[in-house]
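Notes follow the structure.
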Amino acid sequence: MCYNYKNDAASKDMKVRFKRKMKEEDEQNYKPVFKANGFSHPLMPVITQEEPELIQLYQWGPFNAFAAENERKYNTLNAISEEIFEKATYKKNIQNKRCLIPATGFYEWMHVGKEKYPFHIAIDEPIFCFAGIYNHWKDKEGIERKAYTILTTAANPIMEKIHNTKKRMPVIMPMVLEDNWLKQDLAIEEIKSLLLPYENERTLAFSVDKKVIFSEDANTPKVFERVDYPELALLMN
DNA sequence: CCAGACGTTGTT
DNA sequence: GTCTGG
DNA sequence: CCAGACGTTGTT
DNA sequence: GTCTGG
């Protein structure tokens with residue numbers, strides 16, 4: 001779940017929305033993206049617990065050295081929020097390396113028979129955040145890497161219909177709880193209470209064009225244009 | 001201890 | 001009721 | 001998470 | 001490299 005998302009917000013709009021600054025270098029390197037694919041490890045904006053006054057670029061990629069060397073086998077693009085406190089890879093980070101991951105939408109596929117239909121999902125805020133955790137580690141060359149992973153949870157009813165094979169969804173932090181998520185030294189139960197499926201009535205989804213999203217360069221505004229499939233009409237009621 | 005795991009839900 | 005192995 | 005376990009070293 | 005299940 002959640003290997004493709006959108007953050008097409010301009011840096012100035014993110015700065016206003018989150019009341020935070022960006023380092024000049026990050027602002028220059030930042031590009032709005034209509035479809036970021038986790039498997040190509042893009043640099044994307046995040047807000048970390050350790051430097052909450054900044055919007056910084058982190059890599060959606062291997063979470064540590066071991067994951068980097070075993071990428072085919074170990075995928076750390078998402079982490080199961082229900083198990084985050086028990087997993088060796090994440091348990092130390094969930095306490096004080098949480099982050100917000102700004103987004104304007106994400107993509108998921110509905111499976112119907114042998115066909116797959118892509119959907120764009122957003123919420124009732126134009127810019128929102130996934131809940132994530134991050135890690136700083138050194139690669140073989142001794143270069144510091146800054147990685148993040150998106151936390152997932154059970155699907156809400158709309159997402160159960162769309163992501164009907166796995167019934168999972170990314171944890172979307174309600175706007176009023178964003179600052180809570182970044183608070184230092186939260187108790188485990190307080191952290192768990194923030195890791196919930198997003199409110200169904202505030203989840204907005206529609207199908208998009210198969211051809212565009214499967215094309216060589218899906219990073220175009222057309223990728224999130226609504227396209228209805230008559231054969232899905234009954235399923236979407 | 002110590003061998004074996006370490007990750008999630010795609011294949012566009 | 002609470003812990004933990006799967 | 002959540003179904004299933006939850007105990008230690010006698011013999012009376 | 002580090003954690004943990006058996």
Side-chain angles (χ1 to χ4, degrees), chain A residues 1-6 33-42 59-95 97 101 105-121 130-145 147-156 159-171 188-189 191-197 207-220 222-225 227 229:
Chain A
M1 175 60 209
C2 211
Y3 291 153
N4 296 279
Y5 73 91
K6 169 167 137 274
V33 61
F34 302 109
K35 180 176 169 291
N37 181 314
F39 293 95
S40 55
H41 304 328
Q59 188 176 35
W60 193 15
F63 201 71
N64 56 33
F66 183 85
E69 286 167 21
N70 297 275
E71 267 207 76
R72 286 185 190 170
K73 201 170 179 187
Y74 303 112
N75 156 12
T76 57
L77 301 175
N78 295 167
I80 300 173
S81 66
E82 298 94 323
E83 300 179 348
I84 205 86
F85 298 91
E86 301 156 5
K87 293 270 184 180
T89 302
Y90 302 123
K91 60 193 294 183
K92 285 190 290 191
N93 303 273
I94 188 61
Q95 195 55 247
K97 284 187 162 49
I101 303 158
F106 62 98
Y107 301 96
E108 196 48 71
W109 278 259
M110 178 189 281
H111 292 248
V112 181
K114 291 180 181 174
E115 288 293 303
K116 287 187 303 227
Y117 299 90
F119 280 72
H120 176 269
I121 303 100
F130 300 129
I133 54 177
Y134 63 94
N135 193 36
H136 297 168
W137 57 279
K138 283 198 174 136
D139 66 19
K140 280 180 179 172
E141 285 75 44
I143 296 167
E144 168 144 276
R145 304 279 292 269
Y148 69 90
T149 184
I150 295 173
L151 303 186
T152 67
T153 187
N156 66 21
M159 287 307 302
E160 278 187 8
K161 282 190 179 178
I162 295 170
H163 192 22
N164 52 356
T165 51
K166 299 298 177 184
K167 300 191 175 175
R168 302 286 295 168
M169 71 183 293
V171 176
I188 286 175
E189 288 310 317
I191 297 172
K192 286 184 178 174
S193 74
L194 296 170
L195 297 171
L196 303 173
S207 45
V208 297
D209 197 322
K210 287 183 196 179
K211 281 182 195 147
V212 174
I213 205 163
F214 291 146
S215 70
E216 190 73 10
D217 183 17
N219 188 26
T220 155
K222 282 185 182 300
V223 76
F224 65 96
E225 280 178 12
V227 170
Y229 297 91

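Each chain gets a letter, A, B and so on, in the order its sequence line appears, and its residues count up from 1. We use all heavy atoms of the structure for the numbers below, so side chains are in, but hydrogens, waters and symmetry mates are not.
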- prompt: Closest approach of A/W60 and A/A36, non-hydrogen atoms and distance?
  reply: CZ3-O, 3.7 Å
message: Under 4.0 Å, counting only non-hydrogen atoms across every strand here, what does A/A79 touch: a base, just sugar-phosphate, or nothing?
response: sugar-phosphate
task: May I have the distance from A/E71 (atom CD) to B/dT11 (atom P), rounded to whole angstrom?
output: 18 Å
message: So, using side-chain hydrogen bond (donor to acceptor under 3.5 Å, both in side chains) as the criterion, who are the partners of A/Q95 when residues are at least two apart?
response: none
field: A/T153 side chain near A/L195 side chain, heavy-atom distance below 4.5 Å
entry: no
query: In whole angstroms, how far is the P atom of B/dT8 from the CE atom of A/M169?
result: 17 Å
- prompt: Can you tell me how far P of B/dT8 sits from OH of A/Y74, to the nearest Å?
  reply: 12 Å
query: CH2 of A/W60 versus P of B/dT8: gap in Å, rounded?
result: 14 Å
query: Taking only side-chain nitrogens and oxygens of A/H163, does any of them come within less than 4.0 Å of OP1 or OP2 of B/dG10?
result: yes
- prompt: Taking the C1' atom of each, how far is B/dG7 from E/dC3, in whole Å?
  reply: 15 Å
Residues forming a side-chain contact (heavy atoms from CB on, under 4.5 Å) with A/K138, sequence neighbours excluded: none
message: Can you list, in residue-number order, the parts of residues 33-42 of chain A that come under 4.0 Å of DNA chain E, counting heavy atoms only?
response: none
Results of side-chain hydrogen bond (donor to acceptor under 3.5 Å, both in side chains) for A/Y74 - residues two or more places apart only: none
Pairs of donor and acceptor atoms involving the side chains of residues 111-118 of chain A, under 3.5 Å and at least two apart or interchain, shall be tabulated with distances.
from	atom 1	to	atom 2	distance (Å)
A/E115	OE1	A/K210	NZ	2.7
A/Y117	OH	A/E231	OE2	2.8

message: Taking the C1' atom in each of D/dC1 and B/dT8, what is the distance between them to the nearest angstrom?
response: 15 Å
query: Do A/I80 and A/R168 come within less than 4.5 Å of each other through their side chains, counting heavy atoms only?
result: yes
Dot-bracket notation for DNA chain C, counting Watson-Crick and G-U pairs under 3.5 Å, with | for partners on another strand: ||||||
message: If the cut-off is 4.0 Å, is A/T152 near the phosphate of B/dT9, judged by side-chain N/O to OP1 or OP2?
response: yes
message: Is the shortest side-chain heavy-atom distance between A/V208 and A/V223 below 4.5 Å?
response: no
query: When the distance from CD of A/E83 to P of B/dC6 is rounded to whole Å, what number comes out?
result: 11 Å
- line: Heavy-atom contacts, protein to nucleotides 1-6 of chain E, under 4.0 Å, summarised as B (base), S (sugar-phosphate only) or - (none) per nt, yield B-SS--
field: Spacing between A/Y107 atom OH and B/dT12 atom P, to the nearest angstrom
entry: 18 Å
query: Between B/dG10 and E/dT2, how far is it from one P atom to the other, in whole Å?
result: 32 Å
field: Check: A/F66 and A/T76 side chains under 4.5 Å, non-hydrogen atoms
entry: no
message: My understanding is that only residues two or more places apart in sequence, or in another chain, count here; which of them pass side-chain contact (heavy atoms from CB on, under 4.5 Å) with A/L194?
response: A/M173, A/L177, A/N180, A/W181, A/L186
message: What contact category does A/L77 fall into here, base, sugar-phosphate, or nothing, at under 4.0 angstrom with non-hydrogen atoms?
response: nothing
task: Please identify each residue that fulfils side-chain contact (heavy atoms from CB on, under 4.5 Å) with A/D209, with sequence neighbours left out.
output: A/K211, A/V212, A/V227
query: A/M169 versus A/E108: any side-chain heavy-atom pair under 4.5 Å?
result: no
query: Over how many whole Å does the gap from A/N70 atom CG to B/dG7 atom C1' extend?
result: 11 Å
Atom-pair distance (OH on A/Y3; C1' on B/dG10), nearest Å: 7 Å
task: Would you indicate what A/F85 reaches in the nucleic acid, counting non-hydrogen atoms under 4.0 angstrom: base, sugar-phosphate, or nothing?
output: nothing
query: Taking only residues two or more places apart in sequence or in another chain, which ones pass side-chain hydrogen bond (donor to acceptor under 3.5 Å, both in side chains) with A/Q59?
result: A/R145
- prompt: With A/E83, which residues qualify under side-chain hydrogen bond (donor to acceptor under 3.5 Å, both in side chains), at least two apart?
  reply: none
Touch class at under 4.0 angstrom, heavy-atom based, for A/T165 against every strand present: sugar-phosphate
- prompt: Can you find a heavy atom in the side chain of A/H41 that is under 4.5 Å from one in the side chain of A/L77?
  reply: yes
Return the polar atom pairs (N/O with N/O) between nucleotides 1-3 of chain B and the protein under 3.5 Å, or none.
none

